[in-house]
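I have placed the structure first, in the form of structure tokens, so that the comments after it can refer back to it.
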There are 2 protein chains.
Amino acid sequence: MAEREVDRSISQTVKAQLALRDQILSGALRPGERISELQAVETTGASRTPVRMALVRLEEEGLLEAIPSGGFMVKAFSERDISDSIELRGTLEGLAARFAAERGVSARELEPLKECLAAIDELLGQVPISVDAFSSYVTLNARFHALLTELSRSPPLIRQIDRASALPFASPSGFVMAQSALPEAQQILIIAQEHHRVVIDAIENREGARAEAVMREHARLAVRNLRLALRNRTHLDLLPALALIKTATD
Amino acid sequence: MAEREVDRSISQTVKAQLALRDQILSGALRPGERISELQAVETTGASRTPVRMALVRLEEEGLLEAIPSGGFMVKAFSERDISDSIELRGTLEGLAARFAAERGVSARELEPLKECLAAIDELLGQVPISVDAFSSYVTLNARFHALLTELSRSPPLIRQIDRASALPFASPSGFVMAQSALPEAQQILIIAQEHHRVVIDAIENREGARAEAVMREHARLAVRNLRLALRNRTHLDLLPALALIKTATD
DNA sequence: CAGGTCGCTATTGTATACATAACGTATTCA
DNA sequence: TGAATACGTTATGTATACAATAGCGACCTG
């Protein structure tokens with residue numbers, strides 16, 4: 001190997017996977033488009049073997065689809081697929097919350113969740129919320145959801161939730177960003193924060209059913225708002241991941 | 001390539017994946033054991049590239065675990081992991097049943113489900129159930145669950161349920177076989193069949209909440225019975241997939 | 001002019017060679 | 001005698017060469 005420059009800091013496979021995911025989520029590769037291995041080799045800088053491993057992983061992740069005659073294409077999602085994915089994740093998170101409540105959680109484990117809660121409260125105190133604060137919110141919200149998932153102490157469940165969040169629009173950050181396009185955004189965030197508060201309370205009091213119910217309601221709210229947001233598509237450039245939605249004409 | 005005989009009827013990657021999965025589920029590879037690529041190349045007859053693709057797929061499937069320093073090992077599961085996986089699948093199937101009920105299903109779509117139901121009824125009429133009949137039951141039950149999942153008409157959900165069933169003990173066939181070790185096996189199957197009947201009825205009458213609740217109860221019953229079955233481990237050789245359970249001493 | 005077939009090209013599937021990193025062992029020094 | 005280091009071996013990570021197939025176009029024939 002002479003001319004190819006190899007970045008030895010991370011594995012070629014991971015590098016290729018990250019690069020390709022980026023291309024897909026940024027919309028550089030359109031839904032339905034076939035991914036050429038050769039082209040991927042050029043754009044990622046890895047050779048064919050790691051590129052192929054990355055393609056297999058991205059297929060399992062749900063971003064790509066295998067073409068029967070060989071190769072992969074970028075998967076396209078309907079609006080229904082997206083709202084189902086959010087509801088799916090909400091259902092899984094509901095189960096996680098129930099497990100946490102039923103199995104018991106120490107005060108020490110709950111600590112970081114409460115810190116998240118307080119930090120979000122502080123952000124939401126501002127009216128209207130600034131762009132920077134909103135970006136912090138997205139991070140904190142994702143952290144809250146991740147911590148909550150961990151509380152279930154169920155590796156199989158955590159794994160499934162991670163999988164369900166792989167699709168960007170189904171991740172906490174994803175749908176928060178979509179909702180942000182709505183005029184009622186701040187009101188929505190305040191309601192969501194109330195849900196967060198309730199689920200913590202339910203877990204503390206070991207009320208499994210209530211913890212589960214509120215997380216499912218949380219997701220249903222997200223689905224309703226996403227639908228609204230998709231109606232007024234004006235601000236949707238906020239969410240590049242929506243490049244994955246297949247257009248009606250395709 | 002001279003001495004290696006290549007089976008060209010199916011792709012080498014698929015061949016390797018099937019062969020390796022077989023080795024894992026049959027217990028030829030013990031949980032926690034490292035899988036050597038070279039050894040896999042010898043036992044599967046494929047070369048390293050397809051073997052590696054198969055290993056990546058099996059990792060995503062949940063049967064293998066990546067070792068940080070490189071390579072893969074057979075994943076080990078605790079009893080808790082297994083019961084969580086069953087409950088997880090039940091929750092997902094509950095959501096599928098609810099989607100089916102809420103979105104409406106035509107009589108024609110329900111037809112194959114009802115045929116399944118009738119066929120199972122016939123089998124359960126025999127007391128005690130014969131070994132052959134039990135084997136038919138396993139097949140019919142798996143078919144019923146698959147058809148029910150399809151009724152949701154939600155590709156993301158169907159995909160997740162398939163993933164959740166990848167672990168053999170979490171699949172309908174898997175836990176039915178585990179339950180069969182119990183003395184009350186036949187009684188259990190009759191109750192399960194009642195659940196099947198109720199979920200169909202609920203879907204027909206578009207009662208989403210009821211459809212969901214019964215599927216979750218269905219899974220909870222399975223979890224309870226699996227726990228019982230694991231207590232009297234006498235007949236567990238019925239379920240080779242339990243080879244994946246990590247022993248207390250490991 | 002239209003339809004079919006043959007052949008070429010481009011792309012994926014497979015195999016293997018090479019590089020590199022990790023682990024185990026042996027030897028040496030404190 | 002024990003511990004640490006260095007070296008060798010083995011396995012994985014990566015690159016590329018080779019094979020086969022599918023898709024496309026052109027040419028020929030009816």
Side-chain angles (χ1 to χ4, degrees), chain A residues 1-21 23-24 28-61 63-75, chain B residues 1-21 23-24 28-61 63-75:
Chain A
M1 233 207 63
E3 51 264 332
R4 187 192 296 281
E5 300 176 27
V6 180
D7 175 5
R8 301 218 171 279
S9 62
I10 60 166
S11 95
Q12 297 295 307
T13 302
V14 172
K15 187 177 82 173
Q17 190 175 350
L18 293 174
L20 286 171
R21 185 175 0 205
Q23 290 180 33
I24 296 165
L29 296 164
R30 312 290 310 175
E33 188 173 341
R34 186 188 193 124
I35 289 196
S36 152
E37 270 186 29
L38 204 64
Q39 186 185 325
V41 164
E42 280 168 16
T43 59
T44 63
S47 75
R48 279 189 64 210
T49 305
V51 162
R52 284 176 66 81
M53 306 242 309
L55 290 172
V56 170
R57 289 203 140 94
L58 289 168
E59 182 205 356
E60 305 286 339
E61 218 172 89
L63 253 35
L64 296 181
E65 204 172 345
I67 299 172
S69 66
F72 298 92
M73 56 179 263
V74 179
K75 204 156 166 180
Chain B
M1 234 207 65
E3 51 263 332
R4 187 193 296 279
E5 298 175 29
V6 180
D7 175 5
R8 301 219 171 279
S9 63
I10 59 166
S11 96
Q12 297 296 304
T13 302
V14 172
K15 187 178 80 175
Q17 190 175 351
L18 293 175
L20 286 172
R21 186 176 5 216
Q23 289 180 34
I24 296 166
L29 296 165
R30 312 288 311 175
E33 188 173 343
R34 186 186 193 127
I35 288 196
S36 150
E37 270 185 30
L38 204 64
Q39 184 184 326
V41 163
E42 280 167 16
T43 59
T44 62
S47 75
R48 278 190 65 207
T49 305
V51 161
R52 282 177 67 82
M53 306 243 307
L55 291 173
V56 170
R57 289 204 140 94
L58 289 168
E59 181 204 354
E60 304 286 339
E61 221 172 86
L63 253 36
L64 297 181
E65 205 173 344
I67 300 173
S69 67
F72 298 92
M73 57 178 263
V74 180
K75 205 157 167 179

Atom-to-atom span, CG of Leu55(A) to C1' of dT14(D) - whole angstrom: 16 Å

Sugar-phosphate only, base, or nothing, as touched by Ile67(A) at under 4.0 Å among non-hydrogen atoms: nothing

Interatomic distance, Lys15(B) atom NZ to Thr44(B) atom OG1 [nearest 0.5 angstrom]: 6.5 Å

Rounded distance (nearest 0.5 Å) linking atom CD of Gln17(B) with atom CG of Leu58(B): 5.0 Å

Nucleotide of dT14(D), dA11(D), dT16(C) approaching Thr49(B) most closely (side-chain heavy atoms): dT16(C)

Acceptor/donor pairs from residues 64-75 of chain B side chains to any protein atom, 3.5 angstrom cut, sequence neighbours excluded:
none

Interatomic distance, Arg52(B) CZ vs dA15(D) P [rounded to whole Å]: 12 Å

Atom-to-atom span, CE of Met53(B) to P of dG13(D) - whole angstrom: 15 Å

Atom-pair distance (CD on Gln12(B); P on dA19(D)), nearest Å: 16 Å

Rounded distance in Å - CD (Glu37(B)) to P (dT14(D)): 11 Å

Sub-4.5 Å side-chain heavy-atom contact between Arg57(B) and Thr13(B): yes

From CZ (Arg48(B)) to OG1 (Thr49(A)), nearest 0.5 Å: 9.5 Å

Spacing of Leu38(A) atom CG relative to dA15(D) atom C1', expressed in whole Å: 14 Å

Straight-line distance of Thr43(B) OG1 to Leu29(B) CG, nearest 0.5 Å: 7.5 Å

Give every pair of a protein N or O atom and an N or O atom of nucleotides 22-24 of chain C that lie under 3.5 Å apart, one pair per line with the distance.
none

Inter-residue atom distance Glu60(B).CD - Glu61(A).CD, 0.5 Å rounding: 7.5 Å

Among dG13(C), dT12(D), dT16(C), the one nearest Ser47(B) by side-chain distance: dT16(C)

Gly70(B) vs Arg48(A), nearer the 5' end of DNA chain D by closest nucleotide: Gly70(B)

Atom-to-atom span, CZ of Phe72(A) to P of dT12(C) - whole angstrom: 10 Å

Sugar-phosphate, base or nothing in reach of Ile35(A), heavy atoms under 4.0 Å: sugar-phosphate

Donor-acceptor pair under 3.5 Å, Ser36(B) side chain vs dA11(D) base: no

